[in-house]
Protein chains: 2
Amino acid sequence: MKEGPDIAYIASLIGDPARANMLTALMSGKALTASELSYEAGVTLQTASSHLSKLDEGGLLRVRKQGRHKYFSLANEDVAGVLEGLMGLAAGSGHLRRRIGPQDAQLRHARVCYNHLAGDMGTQLFDSLMAQGHLALTGDELCLTASGEAFVADFEIDLTALRRGRTPLCRECLDWSERRSHLAGSLGRAFLRRFEELSWAKREPETRVISFSREGAREFNQLFAPGRLMP
Amino acid sequence: MKEGPDIAYIASLIGDPARANMLTALMSGKALTASELSYEAGVTLQTASSHLSKLDEGGLLRVRKQGRHKYFSLANEDVAGVLEGLMGLAAGSGHLRRRIGPQDAQLRHARVCYNHLAGDMGTQLFDSLMAQGHLALTGDELCLTASGEAFVADFEIDLTALRRGRTPLCRECLDWSERRSHLAGSLGRAFLRRFEELSWAKREPETRVISFSREGAREFNQLFAPGRLMP
DNA sequence: GAGATGCTTCGATTATGATCGAAGTATGAA
DNA sequence: TTCATACTTCGATCATAATCGAAGCATCTC
């Protein structure tokens, strides 16, 4: 007698190419309409509607209605985490949808993962913050330290506002291309927003690629030096 | 143009009930034969053979041949991690294959996850080791501290032997029932083996449930006290 | 060598689910 | 109010893949 979670059900939801494309598009963290998602999936609107209904029933989506528009986003970071893990497995076993191309390298370098920075630069951010003692693991929780609070305030991120939300401040997210953690949670999102505000980085339209300007990369590397050790 | 890892392919492999049952059986960390897995999946041997071939091509399995026997195990901890994540999503959205029964509670309490301890007791072990400073995050790595080495040696786990293998010593694994980390890696496995040696705990046949004896639970709680804070 | 056991491959069957045209409902704009 | 737009539902079509009986190959035991 088989008991326990029905992983086949959830996996089969992700296992359809149209639905997988929609979920991947939602990894940007943006909320998209049914029409936009049907375009992403390359199917008609009626087919997309049927797929979205299934994903919603599976608990993978968050749905918000605004007049005649219906906005879909991923339900939570756990969903994003599983999708990242599947990406890691697919990449690790060489199951890619196209030959390695320019965008693939860009995705590995820096990309948006549910609104926070992922890829090479994402893990560099995390490593640097850990190494500088700005983040620490207390029990099971990833926490911002006192020195981290000062650092973040200097960087003009408003912690009070972040703490008002329900999203955890700091959370680890396993990076599919680096196979190590990058920073998720509201602080992770705030960092990406700040990089955008400073014009260090921008999101490429229609993709999850994040491009850093030359100046932005220089500033980023200065502030979050790779391989910096704790004093 | 869709680029990047083909998550639909990997997910569709997991999304078949027979294959999901086989993968779940392999979460115990044991290597099982094709015949055993066909029984687990409730299909004929020829069907199981076809499924196993697919899982192998997808990179989800490790296959070893011994005479006429063929042994299958999960390819690595990443696969186990994704399966745990899917379990979390299914459980979180209430998609269970049977109504909550006695075994479900047992699985949540203590179960084997790719050869290490998971569930309530698994996260308690992790939390306690972290709180006592025996484990620490250095950069991105989960490491055993000096005090942890002493603790482990006292507990009669041979670190020299563990370090000879290729498996990382310490690794975090996200627990589907607790939604927090439990200890994976060779040390995590060694702990479970030690609990078995001491007759504190035993694996229930044909399931992933781990049962602690009353005495074993008492000893475990004494050594890995819940809620113990760092001095 | 003969028979048993473990596993693979082949091919036919059939259940499943993605798909889209058509039609309908809900909302927004003029 | 009318028309346009966003989305849902229905039902027929058809491609796909799981399934198993049959047959074959590999290994083990007596």
Side-chain angles (χ1 to χ4, degrees), chain A residues 2 6-26 30-74 90 95 97, chain B residues 2 6-26 30-74 90 95 97:
Chain A
K2 303 296 173 189
D6 188 359
I7 63 169
Y9 169 63
I10 301 292
S12 67
L13 291 180
I14 304 169
D16 172 70
R19 290 200 289 271
N21 283 333
M22 288 193 266
L23 291 169
T24 303
L26 293 174
K30 287 194 261 186
L32 299 176
T33 60
S35 304
E36 287 167 330
L37 287 169
S38 75
Y39 178 75
E40 284 291 334
V43 292
T44 62
L45 185 55
Q46 47 268 44
T47 303
S49 179
S50 167
H51 284 311
L52 289 167
S53 174
K54 286 184 161 80
L55 291 173
D56 187 26
E57 274 156 27
L60 300 184
L61 298 181
R62 182 181 176 207
V63 188
R64 272 163 296 183
K65 194 160 180 168
Q66 224 167 339
R68 63 189 173 180
H69 291 277
K70 202 164 183 180
Y71 288 91
F72 298 88
S73 54
L74 294 183
H95 291 103
R97 278 174 301 179
Chain B
K2 304 295 175 188
D6 187 359
I7 63 169
Y9 168 63
I10 301 292
S12 66
L13 291 179
I14 303 169
D16 172 72
R19 290 199 288 271
N21 282 335
M22 288 193 266
L23 291 169
T24 303
L26 292 174
K30 288 194 260 186
L32 299 177
T33 60
S35 304
E36 286 166 332
L37 287 169
S38 75
Y39 178 75
E40 284 290 334
V43 293
T44 62
L45 186 54
Q46 49 266 48
T47 302
S49 179
S50 168
H51 284 310
L52 289 167
S53 174
K54 286 183 163 79
L55 291 173
D56 187 26
E57 275 156 28
L60 299 184
L61 298 180
R62 182 181 173 207
V63 187
R64 272 161 299 183
K65 197 162 176 164
Q66 227 169 314
R68 64 189 173 180
H69 291 276
K70 203 162 184 181
Y71 287 91
F72 298 88
S73 54
L74 295 183
H95 291 102
R97 278 174 300 180

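Each chain gets a letter, A, B and so on, in the order its sequence line appears, and its residues count up from 1.
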By side chain to side chain contact (heavy atoms under 4.5 Å, CB included), which residues pair with A/S50, not counting sequence neighbours? A/K54

Rounding to a whole Å, what distance do you find between A/L55:CG and C/dA18:P? 10 Å

Given DNA chain D, 5'-ward residue of the pair B/S50 and A/F72, judged by closest heavy atom: A/F72

What residues 31-38 of chain B contributes to the DNA chain C interface at heavy-atom separation below 4.0 Å is B/T33, B/A34, B/S35

Calculate the interatomic distance between B/L45 atom CG and D/dC25 atom P; express it in whole Å. 17 Å

Spacing between B/I14 atom CD1 and D/dA18 atom P, to the nearest angstrom: 14 Å

Find the bend of the helix from C/dG1-D/dC30 to C/dA30-D/dT1 as the angle between its two terminal axes (five pairs each), to the nearest 10°. 30°

B/L13 CG to D/dT16 P: how many Å, rounded? 17 Å

What's the verdict on side-chain contact (heavy atoms from CB on, under 4.5 Å) for B/Y71 and B/T33, showing C-alpha distance, side-chain angles and the deciding distance? CA-CA 5 Å; B/Y71 287 91; B/T33 60; 3.5 Å; yes

Closest-nucleotide ordering on DNA chain C, the 5'-leading residue of B/K70 and A/H51: B/K70

Quick one: which of B/L60, B/L23, B/L52 gives a side chain to side chain contact (heavy atoms under 4.5 Å, CB included) with B/F72? B/L52

Applying side chain to side chain contact (heavy atoms under 4.5 Å, CB included), name anything that partners A/S12, two or more places apart in sequence or on another chain. none

Quick one: ring pair (Phe, Tyr, Trp, His ring centres under 6.0 Å) partners of A/Y9, sequence neighbours excluded? B/H95

Counting only N and O atoms by type, is there a donor-acceptor contact under 3.5 Å from the side chain of A/T24 to the main-chain atoms of A/A20? yes

Under the 3.5 angstrom rule, does the side chain of A/R19 hit a backbone N or O of A/H51 as a donor-acceptor pair? no

Protein-nucleotide distance (B/L52, atom CG; D/dT19, atom C1'), rounded to Å: 15 Å

Which parts of nucleotides 21-30 of chain C does protein reach within less than 4.0 Å, heavy atoms only, written one letter per nucleotide 5' to 3' as B for base, S for sugar-phosphate only and - for none? BB----BS--

Roughly, in whole Å, what's the span from OH in A/Y9 to P in C/dT16? 16 Å

Closest heavy-atom contact between B/A18 and B/A41? O-CB, 3.5 Å

Look up atom CG in B/L26 and atom CG in B/L37, then write down how far apart they are to the nearest 0.5 Å. 5.0 Å

Value in whole Å for how far the C1' atom of C/dT16 lies from CG of A/D16: 13 Å

Might you work through the side-chain contact (heavy atoms from CB on, under 4.5 Å) test for B/S35 and B/L45, ending with a clear yes or no? CA-CA 6 Å; B/S35 304; B/L45 186 54; 4.1 Å; yes

Could you give the distance from OG (B/S38) to CG (B/L32), rounded to the nearest 0.5 Å? 10.5 Å

Nearest-Å distance for atom pair NZ/P, residues A/K54 and D/dT8: 13 Å

Is B/T47 near enough to D/dC20 that one of its side-chain N or O atoms lies under 4.0 angstrom from OP1 or OP2? yes

